[in-house]
Amino acid sequence: MSHTIQAVRGMNDILPDEAALWEELEETLRSWFRSYGYRNLRTPLLEPTALFRRAIGEATDIVEREMYSFVDELNGEALTLRPEATASAVRAAIQHNLLYGSPQRLYYMGPMYRHERPQKGRYRQFHQVGAEALGYAGPDVDAELLLMCARLWDDLGLDDIKLQLNSLGSPEERARHRTELVQYLQAHEDALDADAKRRLHTNPLRVLDSKNPLMQPLIEASPRLLDHLGEASLAHFEGVQQVLKDVGIPYSINPRMVRGLDYYNLTVFEWVTDRLGAQGTVCGGGRYDGLFEQIGGKPTPACGFAMGLERLLALMQEARALEPAAQCEVYVLHQGSAASRIAFGVAEELRNHGLSVMQHCGGGSFKAQMKKADASGAVLAVILGEDEAANNEVSVKHLRQQREQVRVARDTLPDAVTKLLFLEDDQERA
Ligand code: HAM
């Protein structure tokens, strides 16, 4: 016998019970984006490898060891499955001259790929939803993005997600900080791990991103980039904070936050929770004013964020101990050939009235069909036996309340069903 084939490690099937929650979340996200005037952008999963190398940075974990990169054997092109979508959004904006005339507020949702070590909350295929405000220079748009996130946590009933902020200043300020940081790290070279030793010369800021617990005291005491900010950078940072204070969004400043991608300047932020174990960052983002030029476009300021859907869903599941969603409102049972033929018309008619209806398929006794109806989560069962068929009538049974089964004329069925469904809603509300 041959071996069964399993999904790739770290890449998950999302089965229907869980997918119902995904769909609900995706709908909430779309209307949330619309309420801030963000429009959808869809880019390919595959991009030229050079895009991510240039955008994310050569000396980052993502580019050094997490990308699914390969050479297309048919034409020799170097390709990569996108590990994130900011680079793709910027590429698309440049390629299609999207900012001609006006800046753009864009959003995307979809799978991303990183070859990380899988664990709870960390996968090799994961899903992000992200927003990119392209062509906006001021701190106002940075603040808007943060307000959006705060509203989303509220809409989803999630508390305990805390905002951490930092500023990475300008490239010149980073260069001055870098000199001081390299001197500091060199003076403590014995305490550096192998990764840090290597990055000391390629990308010393990345040393501050180390998760190695042994390195934390050294990192804590290192020179702070915040202390190297000039007037303009400080004013920008103040501007963001002012809006947060005005609107009442609590935050803390984390001077060691550098983010895992190299394209940031000025504002960077993360929304973190301690409810998800080690993978507590729900959302990350910041300003990336240099990225357009870095990948061949005109200088264009921009800011954005992305959040991990798996992490959001884990928080939602924890917050509301969810029961599987019902598959439909009405389940149609039928037995006997006359009744079975009528059942199609009955189900269609109920759908015409805006109801979600599952029609029993595959035959079986009424008892067996009733079990399926119950398991579907439907509120009502519509029953068609030979007797009902002969009299042009239909029986309706309430599946969630102790009530007498009723028999109604076929042409009054939609009314009867709607009444019973709304009655249940009213009683629940009362
Ligand atoms: P990032 O911090 O690399 O930023 O990822 C954003 C979020 O994606 C993380 O906070 C986390 O929730 C989720 N995430 C990342 N990796 C994984 C994984 N392996 N498994 C599950 N979830 C994961 C970016 O990707 C930037 N493009 C964000 C951005 C947009 N900056 C500006 N605009």
Side-chain angles (χ1 to χ4, degrees), residues 8-12 14 38 41 43 47 51-52 55-57 60-63 65-68 81-93 104-134 136 141-142 144-146 148-149 152-153 158 161-164 166 168 206 209 211 257-273 275-292 294 300-316:
V8 175
R9 186 165 129 82
M11 305 206 180
N12 300 317
I14 298 161
Y38 282 70
L41 171 75
T43 58
E47 294 277 3
L51 174 67
F52 301 116
I56 299 171
T60 56
D61 283 349
I62 298 179
V63 170
R65 48 178 173 249
E66 293 173 0
M67 296 210 300
Y68 284 90
L81 273 170
R82 64 179 186 193
E84 61 109 46
T86 308
S88 308
V90 171
R91 179 206 43 74
Q104 295 279 335
R105 287 175 163 95
L106 305 172
Y107 80 85
Y108 50 82
M109 274 189 230
M112 309 289 158
Y113 301 85
R114 295 184 194 175
H115 201 283
E116 297 190 80
R117 201 167 48 79
Q119 53 174 268
K120 187 171 176 289
R122 187 161 78 192
Y123 309 101
R124 290 181 175 171
Q125 178 183 276
F126 60 99
H127 296 75
Q128 274 186 352
V129 52
E132 312 292 353
L134 308 179
Y136 296 91
V141 91
D142 308 17
E144 171 180 278
L145 289 161
L146 294 168
M148 282 174 77
C149 294
L152 182 67
W153 315 144
L158 304 176
I161 304 184
K162 301 206 166 75
L163 174 59
Q164 296 190 354
N166 193 17
L168 298 184
R206 281 267 83 76
D209 200 25
K211 301 284 175 288
M257 185 206 304
V258 291
R259 309 267 308 122
L261 308 95
D262 278 351
Y263 48 61
Y264 293 110
N265 66 302
L266 293 173
T267 320
V268 285
F269 57 86
E270 285 183 350
W271 290 89
V272 292
T273 173
R275 296 198 171 204
L276 291 175
Q279 307 307 318
T281 310
V282 182
C283 172
R287 183 156 278 287
Y288 48 92
D289 296 334
L291 185 55
F292 272 76
Q294 228 166 289
T300 307
C303 189
F305 64 70
M307 46 185 80
L309 283 188
E310 284 81 357
R311 294 182 191 180
L312 260 188
L313 283 157
L315 286 175
M316 287 168 67

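Both ligands and their constituent atoms are indexed starting at 1 by order of listing.
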[X] and ligand 1 - part of the residue with a heavy-atom distance under 4.0 Å:
X: Trp271; result: neither
X: Phe305; result: backbone
X: Cys283; result: backbone
X: Ile62; result: neither

Ligand 1 atoms in contact with [X] (distance to a heavy atom under 4.0 Å):
X: Arg122; result: 19 (N), 20 (N)
X: Tyr288; result: 32 (C), 33 (N)
X: Val282; result: 10 (O), 12 (O)
X: Gly285; result: 31 (N)
X: Gly284; result: 10 (O), 28 (C), 29 (C)
X: Gly121; result: 20 (N), 21 (C), 22 (N)

Working note: Asp61 + Arg206, criterion salt bridge (Lys or Arg N to Asp or Glu O under 4.0 Å); need CA distance, chi angles, decisive distance, verdict. CA-CA 9 Å; Asp61 283 349; Arg206 281 267 83 76; over 6 Å; no

Going by ring pair (Phe, Tyr, Trp, His ring centres under 6.0 Å), name the residues that satisfy it together with Tyr38, two or more places apart in sequence or in a different chain.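 For Tyr38 there are no ring pair (Phe, Tyr, Trp, His ring centres under 6.0 Å) partners, ignoring immediate neighbours.
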
Measure the distance from [atom] to every protein heavy atom, then report the residue, atom name and distance (to 0.1 Å) of the closest one.
atom: atom 31 (N) of ligand 1; answer: Tyr264 OH, 2.6 Å
atom: atom 19 (N) of ligand 1; answer: Glu116 OE2, 2.6 Å
atom: atom 30 (C) of ligand 1; answer: Thr86 OG1, 3.0 Å
atom: atom 10 (O) of ligand 1; answer: Thr281 O, 3.3 Å
atom: atom 26 (C) of ligand 1; answer: Tyr263 OH, 3.3 Å
atom: atom 20 (N) of ligand 1; answer: Tyr123 N, 3.0 Å
atom: atom 27 (N) of ligand 1; answer: Glu84 OE1, 2.5 Å
atom: atom 8 (O) of ligand 1; answer: Gln128 NE2, 3.2 Å

Pairwise distance [atom1]([X]) to [atom2]([Y]) - rounded to 0.5 angstrom:
X: Thr267; Y: Leu145; atom1: OG1; atom2: CG; value: 9.5 Å
X: Arg82; Y: Arg91; atom1: CZ; atom2: CZ; value: 10.5 Å
X: Leu106; Y: Leu134; atom1: CG; atom2: CG; value: 5.0 Å

Would one find an N or O of [X], backbone or side chain, under 3.5 Å from an N or O of ligand 1?
X: Arg114; answer: yes
X: Glu132; answer: yes
X: Pro83; answer: no
X: Tyr108; answer: no

Of all the heavy atoms in Arg259, does at least one lie under 4.0 Å from an atom in ligand 1?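 Yes, Arg259 has heavy atoms under 4.0 Å from ligand 1.
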
Mark the output for Cys303 as yes if a heavy-atom distance to ligand 1 is under 4.0 Å, and as no if none is.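 Under 4.0 Å: no for Cys303.
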
Is the side chain of Arg124 donor-acceptor paired with the backbone N or O of Glu116 at a distance under 3.5 Å, no angle test?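 Yes; judged by distance alone, with no hydrogens or angles, the pair exists.
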
Side-chain donor/acceptor of Arg114 to backbone N/O of Ile62, under 3.5 Å: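 Side chain of Arg114 to backbone of Ile62: no pair is present.
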
Tell me which one of Phe52, Tyr288, Phe292 satisfies ring-ring contact (aromatic ring centres under 6.0 Å, His included) with Tyr263.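 Among Phe52, Tyr288, Phe292, the one that satisfies the ring-ring contact (aromatic ring centres under 6.0 Å, His included) with Tyr263 is Tyr288.
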
So, using side chain to side chain donor-acceptor pair (under 3.5 Å) as the criterion, who are the partners of Arg9 when residues are at least two apart?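 Checked Arg9 against side chain to side chain donor-acceptor pair (under 3.5 Å); zero matches.
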
Kindly assign one of parallel, tilted or perpendicular to the pair Tyr68 and His115, based on the angle between their ring planes and the thresholds 30° and 60°.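 Correct class here is tilted.
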
Result of checking Thr281, Leu158, Leu315 against Thr273 for side chain to side chain contact (heavy atoms under 4.5 Å, CB included):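 That would be Leu315; it is the only one of Thr281, Leu158, Leu315 passing the side chain to side chain contact (heavy atoms under 4.5 Å, CB included) with Thr273.
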
